4 protein chains.
Amino acid sequence: MISSARPLRADAARNRELLLAAAEEEFAARGIDASIADIADRAGVAKATVFSHFASKEELIAAIVGNHFAELTVVARRLLTSADPEAALSDFLTEAAHGIKQQDLTFLRADDDSRVTELRNDLHEAVSALVDRARAAGVVRAEITGTDVFLLICAPVHIAGCHPDADPDLWRRYQAIIFDGLRPTRAELLPQPPPSWP
Amino acid sequence: MISSARPLRADAARNRELLLAAAEEEFAARGIDASIADIADRAGVAKATVFSHFASKEELIAAIVGNHFAELTVVARRLLTSADPEAALSDFLTEAAHGIKQQDLTFLRADDDSRVTELRNDLHEAVSALVDRARAAGVVRAEITGTDVFLLICAPVHIAGCHPDADPDLWRRYQAIIFDGLRPTRAELLPQPPPSWP
Amino acid sequence: MISSARPLRADAARNRELLLAAAEEEFAARGIDASIADIADRAGVAKATVFSHFASKEELIAAIVGNHFAELTVVARRLLTSADPEAALSDFLTEAAHGIKQQDLTFLRADDDSRVTELRNDLHEAVSALVDRARAAGVVRAEITGTDVFLLICAPVHIAGCHPDADPDLWRRYQAIIFDGLRPTRAELLPQPPPSWP
Amino acid sequence: MISSARPLRADAARNRELLLAAAEEEFAARGIDASIADIADRAGVAKATVFSHFASKEELIAAIVGNHFAELTVVARRLLTSADPEAALSDFLTEAAHGIKQQDLTFLRADDDSRVTELRNDLHEAVSALVDRARAAGVVRAEITGTDVFLLICAPVHIAGCHPDADPDLWRRYQAIIFDGLRPTRAELLPQPPPSWP
DNA sequence: TATGAATGAGCATTCATTCAT
DNA sequence: TATGAATGAATGCTCATTCAT
């Protein structure tokens, strides 16, 4: 929300937010092939204005993805200070899924962008802290890592999205199932070692 | 002469198979934006030939998706005859995920095609039978339906795909977690009723 | 004129010629920034058709430049068989300048194209033969090389083009001056050694 | 206050010079398609500032071209006062070509600008005086006019520029050849009458 | 049926120029 | 005067689809 590098003029800052919002909506509606023209139209600015804010379509996508990572990091850090480790992890997954559900942008990738990589690592770290606390409290299996949970964030929304005509809250069902799968009820080892993080 | 729907000439039938195979490979390699030109090149035919077999790109995608549903249906029906209900369900999910992993075509959608809808319903039915048997045997929660499992088919591969540099077998870890989530260990009710199927 | 690689269908070959002609005219009229759209319009075809004949604007330019080199090579080789070495060289420069004058495309460059490089080398070789014969006959200075004359081909037209409102034949005046500069009247050495050819 | 045309503030005058210098460099480096944005960047000012000094890109080009004409005029007038008429003409062409070679802006045209036309006429007049003196001294043919030499100014650099990998001083070779072509050694008449000047 | 060619609609991106501050 | 921002008009290029043979 609050950027540090260059204090934009008020009108430009407004247009930037307008554009990011329009882009999210357009990507959610039309997929990754949403056109810059449509995004500009939706934001009520000229096509060229998009490029005066983001040097390329890739950079626009990176800004969106980065923002989402940053928002989730804020959520994770806030929940780290709560009393109940189990509720904290569960609430994080719920809030995350809820945010994703609003606009499914799961398909957006921005891998080669260093800022996004950094923000993704920040989120990974915050999630790992949440998981460490939950594991220490015995509410998740000993084998479960922060990376596991990081990868699972989008799963409930994605699963519900496979239904051709689902209730908007269906993802909650699959989140509960997955969360139960993380619990230390079963002693069996998982068939693969925990994934490393680059 | 013997087959019912459309008696294709032998070489035409061969071209059709060539095209479907080429299209799958190209979609797997380049994503949904793979071009008809590249598919035709890979199949060794002219671009226009693609359109003499499939009226549009959508129809080509529908054919691929339909084939995948049909293959999974075969797997599900075969496993219905096996002795162990738990192993049958687990094996189905494993074989399905394995096939998807080979060529991740999860992103392909073909919603408005009636043949695809029919094949999808066939798969849904076969999976439901598998789940009914598993539930009756007490290896999955009473609340779990065939629709649930149908929706979960792609999840393990999708989850592992969120890792920037994952082991090719990582999906097995998440499949085990999800399968554990389906088990009747926990008594708590799931937060959402089972989804209906259209 | 007669290409070897792939025998185009009659209509395609016609469109190709139409496009090359239109492109030459458009480049001559608007300079190197002539647009593909205008070229296509002038040729009476769709924009995309340009790209079905030439993969890029660069390739179209290369085709034009290559054709011009090839045509000049034909002229040079023909004159090599004529009786008078002085007239042969002079006529070559005249015919070349005349062809260039029709459409000043001096500004077109296609350096990185291997076919063009080859055709340019062919022309260089043919011109060198013409110059060798003229030198042997004592009608040009001993120091003058084929490379010198190759570089001088465009000069008369370019010089006349610096006049804001010149007679269309003014280039002949500067060709005569330059040709006189090549004659062995003066014994003084030229201030720079003859240029090498890559 | 003291100067007549437009009393610029000191910093504005400085920006103007900065911009002209930056524009020359950028045009020399990137050709006529050098962008206003790059020029402004190089000058260290905002894009819009360019337009507060020059109403359009054309006008900026006209200013550069006009400056070059004016500089050459100074050179020609200075050499008019030298003792040797032949050396004066030769030196003029050498100094001119040298300046052009440093930054080849030959491609810049600014025809419809009245100030440029005036400066070009000034140069034409100064060159004509140089040529008249040389002709009177018998060092150039009787037929050669100031207009001829004016048109020939850029030729040596242009000719050397046709070589794909030339020595930076190669233009001197062609200047010598052309200058020899101007000498009164040959009695033959040139094939075209001297061009008039508008 | 198979195909070489043609094409209309569209896309990301650029740029000279204008505007408000 | 200087500038950050905005923009309309182009531009090279792509692609699914159509057409004539």
Side-chain angles (χ1 to χ4, degrees), chain A residues 6-16 19 33-40 44-60, chain B residues 8-13 15-16 33-40 44-60, chain C residues 6-16 33-40 44-60, chain D residues 8-16 33-40 44-60:
Chain A
R6 359 150 189 152
L8 286 173
R9 243 167 51 184
D11 53 349
R14 185 175 144 69
N15 268 352
R16 198 189 140 94
L19 274 169
D33 290 327
S35 78
I36 296 285
D38 287 348
I39 291 169
V45 302
K47 236 188 326 181
T49 303
V50 180
F51 290 95
S52 82
H53 285 273
F54 308 96
S56 64
K57 193 180 181 180
E58 272 200 5
E59 203 169 279
L60 169 58
Chain B
L8 283 176
R9 265 174 24 199
D11 56 345
N15 267 354
R16 199 189 140 92
D33 290 328
S35 77
I36 295 283
D38 286 347
I39 290 168
V45 302
K47 233 185 333 177
T49 303
V50 180
F51 290 94
S52 75
H53 285 276
F54 307 95
S56 67
K57 193 180 183 180
E58 270 202 6
E59 201 171 280
L60 168 59
Chain C
R6 355 148 192 152
L8 285 174
R9 244 167 50 184
D11 54 347
R14 186 176 143 67
N15 267 354
R16 198 190 142 94
D33 289 329
S35 78
I36 296 283
D38 287 348
I39 291 168
V45 302
K47 235 186 330 179
T49 303
V50 180
F51 291 98
S52 82
H53 285 274
F54 308 95
S56 65
K57 192 181 182 180
E58 272 200 5
E59 204 170 277
L60 169 59
Chain D
L8 286 173
R9 263 171 30 198
D11 55 347
R14 185 174 146 67
N15 268 354
R16 198 188 140 92
D33 290 328
S35 77
I36 296 284
D38 287 347
I39 290 168
V45 301
K47 234 185 333 180
T49 303
V50 180
F51 291 93
S52 76
H53 285 277
F54 308 95
S56 67
K57 192 180 184 182
E58 271 202 6
E59 201 170 282
L60 169 59

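Naming: A, B, ... by sequence-line order, numbering from 1 per chain. Hydrogens, waters and symmetry mates are skipped; everything else that's a heavy atom, side chains included, is used. Bear in mind the structure is a predicted one, so any value in this text is a computation, not a measurement.
Residues passing the side-chain contact (heavy atoms from CB on, under 4.5 Å) test with B:A37, sequence neighbours excluded: B:S35, B:K47. Applying the salt bridge (Lys or Arg N to Asp or Glu O under 4.0 Å) rule to B:D33 yields no partners; only residues at least two apart in sequence or on another chain are considered. For D:S52, the side-chain contact (heavy atoms from CB on, under 4.5 Å) partners are D:T49, not counting sequence neighbours. With sequence neighbours excluded, the residues forming a side-chain contact (heavy atoms from CB on, under 4.5 Å) with A:E59 are A:F54, A:A55, A:S56, listed by chain and number.
Atom CZ of C:F54 and atom P of E:dA5 are 13 Å apart (whole Å). Distance CZ (D:R14) to C1' (F:dT1): 16 Å, rounded to an integer number of Å. Remark: P of F:dA2 and CZ of D:R16 are 12 Å apart, rounded to the nearest angstrom. In this structure, C:I39 atom CD1 and F:dA10 atom C1' are separated by 14 Å, rounded to whole Å.
The side chain of D:V45 lies closest to F:dT3 when the candidates are F:dA6, E:dT1, F:dT3.
Secondary structure note: stems in DNA chain F built from 3 or more consecutive Watson-Crick or G-U wobble pairs under 3.5 Å occupy E:2-21 with F:2-21.
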Could you write nucleotides 14-21 of chain F as a row of B, S and -, 5' to 3', where a protein heavy atom under 4.0 Å of any base atom gives B, of only sugar-phosphate atoms gives S, and otherwise -? BBBBBB--
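Residue C:N15 places none of its side-chain N or O atoms closer than 4.0 Å to OP1 or OP2 of E:dA5. Taking only side-chain nitrogens and oxygens, B:H53 never comes nearer than 4.0 Å to OP1 or OP2 of E:dT1. A close approach under 4.0 Å does not occur between any side-chain nitrogen or oxygen of A:S52 and OP1 or OP2 of F:dA5.
Among the atoms of the strands shown, none is found under 4.0 Å from any heavy atom of B:V50.
Ranked by how close their nearest DNA chain E nucleotide is to the 5' end, C:A46 and A:D38 are led by C:A46.
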